[in-house]
Student: 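Please read through the structure below; I'll follow up with questions.
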Amino acid sequence: MEASLVVSGGAATDSTMAHEGTDADWAELDRLMTESILSFPAETEGKGNQLLEPEILADGTKEFHLTAAITEWEVAPGEVVDAWSYNGMVPAPMIRVEVGDQVRVVLDNQLPMGTDIHWHGVKVPNSMDGVAPLTQPLVESGETFVYEFTAREPAIAMYHAHHHGQMQVPNGLFGTFIIGDTPVPRGQIISGVEIPEDLEIAHEIPMVLNDAGVIGLTLNAKSFPATEPYVGKVGDWVVAHYFNEGLQIHPMHQHQFFQLVFAKDGVPLDQPYWADTVAVAPGERYSVLFQLEDPGVWVWHCHILTHVESDTGMFGMVTAWIVEE
């Protein structure tokens with residue numbers, strides 16, 4: 001059997017490859033991209049992922065209070081949306097406890113519809129799994145529900161709504177939940193690189209990825225140029241935890257600094273590995289370690305390029321390291 005393959009000169013007409021026609025204003029495209037990049041970092045109201053301090057009860061239980069409500073959230077400069085939030089922030093407040101802690105979370109639902117909370121990656125009794133109406137009654141608007149469980153083992157996990165999750169989660173009902181210490185592979189030699197036995201973590205960064213709902217293409221619910229810049233010094237060791245609460249895979253690329261992937265979904269890897277790009281699928285968590293070896297401004301972004309750049313300039317899932325001598 002014989003066949004002929006014909007490739008026409010007009011095959012590459014997708015807007016991501018070429019602009020149709022000959023009237024594109026190339027100078028204007030250059031200007032918009034340059035100006036958008038130079039506007040970083042831009043200040044906006046609100047910062048998510050703030051540590052939620054517990055109330056310590058008489059028996060030592062750590063009690064946390066979460067209020068689910070629709071609140072204003074500034075995703076990018078001047079772009080204010082009606083976010084579905086816990087305690088008025090997106091991502092929701094970080095909950096961090098130790099192995100063995102008794103945990104009590106009081107959910108106050110001020111949304112216009114029912115909700116629940118699923119503890120994604122945390123081992124809990126079935127009655128606390130947060131899947132209404134199977135494991136609990138739906139928490140109706142104006143009602144409260146109490147989740148109680150023991151933090152049984154280390155976890156790098158998430159919490160989010162499960163009821164109508166296709167709407168509530170992308171719109172902002174998501175947060176990070178960490179139990180115990182970060183399992184950094186100190187003292188190991190990995191692909192010829194020795195990780196110091198006495199390594200001290202200078203920065204530990206939770207980075208929540210999203211791409212849908214009113215929050216959209218964001219890092220920690222902010223779109224470039226409103227994403228947070230990270231400042232460190234040459235020699236600093238950094239741990240970053242990627243949490244994908246979106247609907248798409250995001251290949252996270254760090255310029256200059258290779259990332260040591262040492263845990264997947266909070267589970268330490270027997271064989272950690274180096275990568276400059278780490279693909280994070282919906283629901284996944286990856287923990288990486290890297291060292292700031294060189295000074296300068298180093299970009300950190302999703303490598304699906306339409307998630308970070310458009311004809312009007314840079315936006316979305318981009319931030320940068322500012323590394324000082």
Side-chain angles (χ1 to χ4, degrees), residues 12 14-17 33 36-37 40 48-49 75-76 91 120-121 156-158 160 169-170 174 176 182 185 190-191 193 203-213 215-230 232 238-269 271-294 296-311 313-323:
D14 188 281
S15 62
T16 62
M17 299 181 68
M33 184 62 70
S36 68
I37 294 172
F40 176 79
N49 258 333
V75 175
H120 184 117
I156 297 169
M158 307 185 287
H160 51 225
V169 176
F174 53 79
T176 60
T182 301
I190 301 164
S191 299
V193 178
H203 314 272
E204 186 168 9
I205 299 168
M207 182 173 283
V208 184
L209 318 177
N210 194 25
D211 49 52
I215 305 300
L217 292 161
T218 52
L219 303 176
N220 287 334
K222 296 291 183 176
S223 175
F224 186 93
T227 47
E228 180 180 359
Y230 297 101
V238 180
V239 165
H241 305 293
Y242 296 119
F243 304 80
N244 190 344
E245 286 281 17
L247 307 180
Q248 303 180 49
I249 291 176
H250 297 289
M252 297 305 299
H253 175 57
Q254 172 70 66
H255 286 210
Q256 189 72 2
F257 312 124
F258 269 68
Q259 306 170 84
L260 179 66
V261 182
F262 65 85
K264 165 75 166 69
D265 298 334
V267 179
L269 299 181
Q271 300 292 332
Y273 61 93
W274 295 97
D276 69 4
T277 305
V278 179
V280 189
E284 288 188 324
R285 287 89 64 214
Y286 280 89
S287 298
V288 301
L289 173 72
F290 54 92
Q291 187 175 33
L292 305 178
E293 298 172 307
D294 300 291
V297 178
W298 303 101
V299 179
W300 191 6
H301 62 94
C302 173
H303 216 289
I304 296 177
L305 298 182
T306 51
H307 292 182
V308 298
E309 292 182 332
S310 71
D311 286 358
M314 187 167 282
F315 79 106
M317 307 180 76
V318 191
T319 184
W321 273 100
I322 301 170
V323 183

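Numbers for residues simply follow the sequence, beginning at 1.
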Student: Decide yes or no on side-chain contact (heavy atoms from CB on, under 4.5 Å) for E245 and I215, but give the supporting numbers first.
Tutor: CA-CA 11 Å; E245 286 281 17; I215 305 300; over 6 Å; no
Student: Test F224 against V308 for side-chain contact (heavy atoms from CB on, under 4.5 Å), laying out the working first.
Tutor: CA-CA 8 Å; F224 186 93; V308 298; over 6 Å; no
Student: With rounding to the nearest 0.5 Å, note down the distance linking CD in Q256 to CG in D276.
Tutor: 11.0 Å
Student: V261 and L269: which non-hydrogen atoms are nearest, and at how many Å?
Tutor: O-CD1, 3.6 Å
Student: Parallel, tilted or perpendicular: which one describes the rings of W321 and H203, with boundaries at 30° and 60°?
Tutor: perpendicular
Student: Identify which one of H307, M317, Q248 satisfies the side chain to side chain contact (heavy atoms under 4.5 Å, CB included) criterion when paired with L209.
Tutor: M317
Student: Decide yes or no for F262 and V239: does some side-chain heavy atom of the first lie under 4.5 Å from some side-chain heavy atom of the second?
Tutor: yes
Student: Could you state the interatomic distance from OG1 (T218) to CE (M207), rounded to the nearest 0.5 Å?
Tutor: 11.0 Å
Student: Please check if the side chain of D211 supplies one atom and the backbone of L217 the other of a donor-acceptor pair under 3.5 Å.
Tutor: no
Student: Are the side chains of H160 and F243 in contact, using a 4.5 Å heavy-atom criterion?
Tutor: no
Student: Report the C-alpha separation of S36 and F315 in whole Å, then their side-chain angles, then the decisive distance to 0.1 Å, and conclude whether the side-chain contact (heavy atoms from CB on, under 4.5 Å) test is met.
Tutor: CA-CA 8 Å; S36 68; F315 79 106; over 6 Å; no
Student: If you look at every heavy atom in P185 and I190, which pair is closest and at what distance?
Tutor: CG-CD1, 4.3 Å
Student: Taking the side chain as every heavy atom from C-beta outward, state whether K264 and Y286 have any atom pair closer than 4.5 Å.
Tutor: yes
Student: Supply the atom-to-atom distance L289 CG to W274 CH2, rounded to the nearest 0.5 angstrom.
Tutor: 6.0 Å
Student: Hey, what do you get for CD1 (I205) to CG (L219), rounding to the nearest 0.5 Å?
Tutor: 11.0 Å
Student: Nearest heavy-atom pair of F40 and T319: which atoms, and what distance?
Tutor: CZ-OG1, 3.9 Å
Student: Do N210 and F174 touch side chain to side chain, with heavy atoms closer than 4.5 Å?
Tutor: yes
Student: Determine, step by step, whether V288 and M252 satisfy the side-chain contact (heavy atoms from CB on, under 4.5 Å) criterion, reporting the C-alpha distance in whole Å, the side-chain angles of both residues, the deciding distance to 0.1 Å, and the verdict.
Tutor: CA-CA 11 Å; V288 301; M252 297 305 299; over 6 Å; no
Student: When the aromatic ring centroids of H301 and H255 are compared, is their separation below 6.0 Å?
Tutor: yes
Student: Using a 4.5 Å cut-off on heavy atoms from C-beta on, say whether the side chain of S287 contacts that of T182.
Tutor: no
Student: Kindly determine whether E228 and N220 satisfy side-chain hydrogen bond (donor to acceptor under 3.5 Å, both in side chains), including the steps that lead there.
Tutor: CA-CA 8 Å; E228 180 180 359; N220 287 334; 5.2 Å; no
Student: Do the ring centers of W300 and F290 come within less than 6.0 Å of each other?
Tutor: yes
Student: If every non-hydrogen atom of A76 is compared with every non-hydrogen atom of A226, which pair is closest and at what distance?
Tutor: CA-CB, 4.1 Å
Student: Determine the minimum heavy-atom distance between G283 and D265, stating which atoms define it.
Tutor: O-OD1, 4.3 Å
Student: Of the non-hydrogen atoms in N244 and P282, which two are nearest, and what is the gap between them?
Tutor: ND2-N, 3.4 Å
Student: Atom OG in S191, atom CD in Q271: separation rounded to 0.5 Å?
Tutor: 9.5 Å
Student: Atom NE2 in H303, atom CD in Q254: separation rounded to 0.5 Å?
Tutor: 12.0 Å
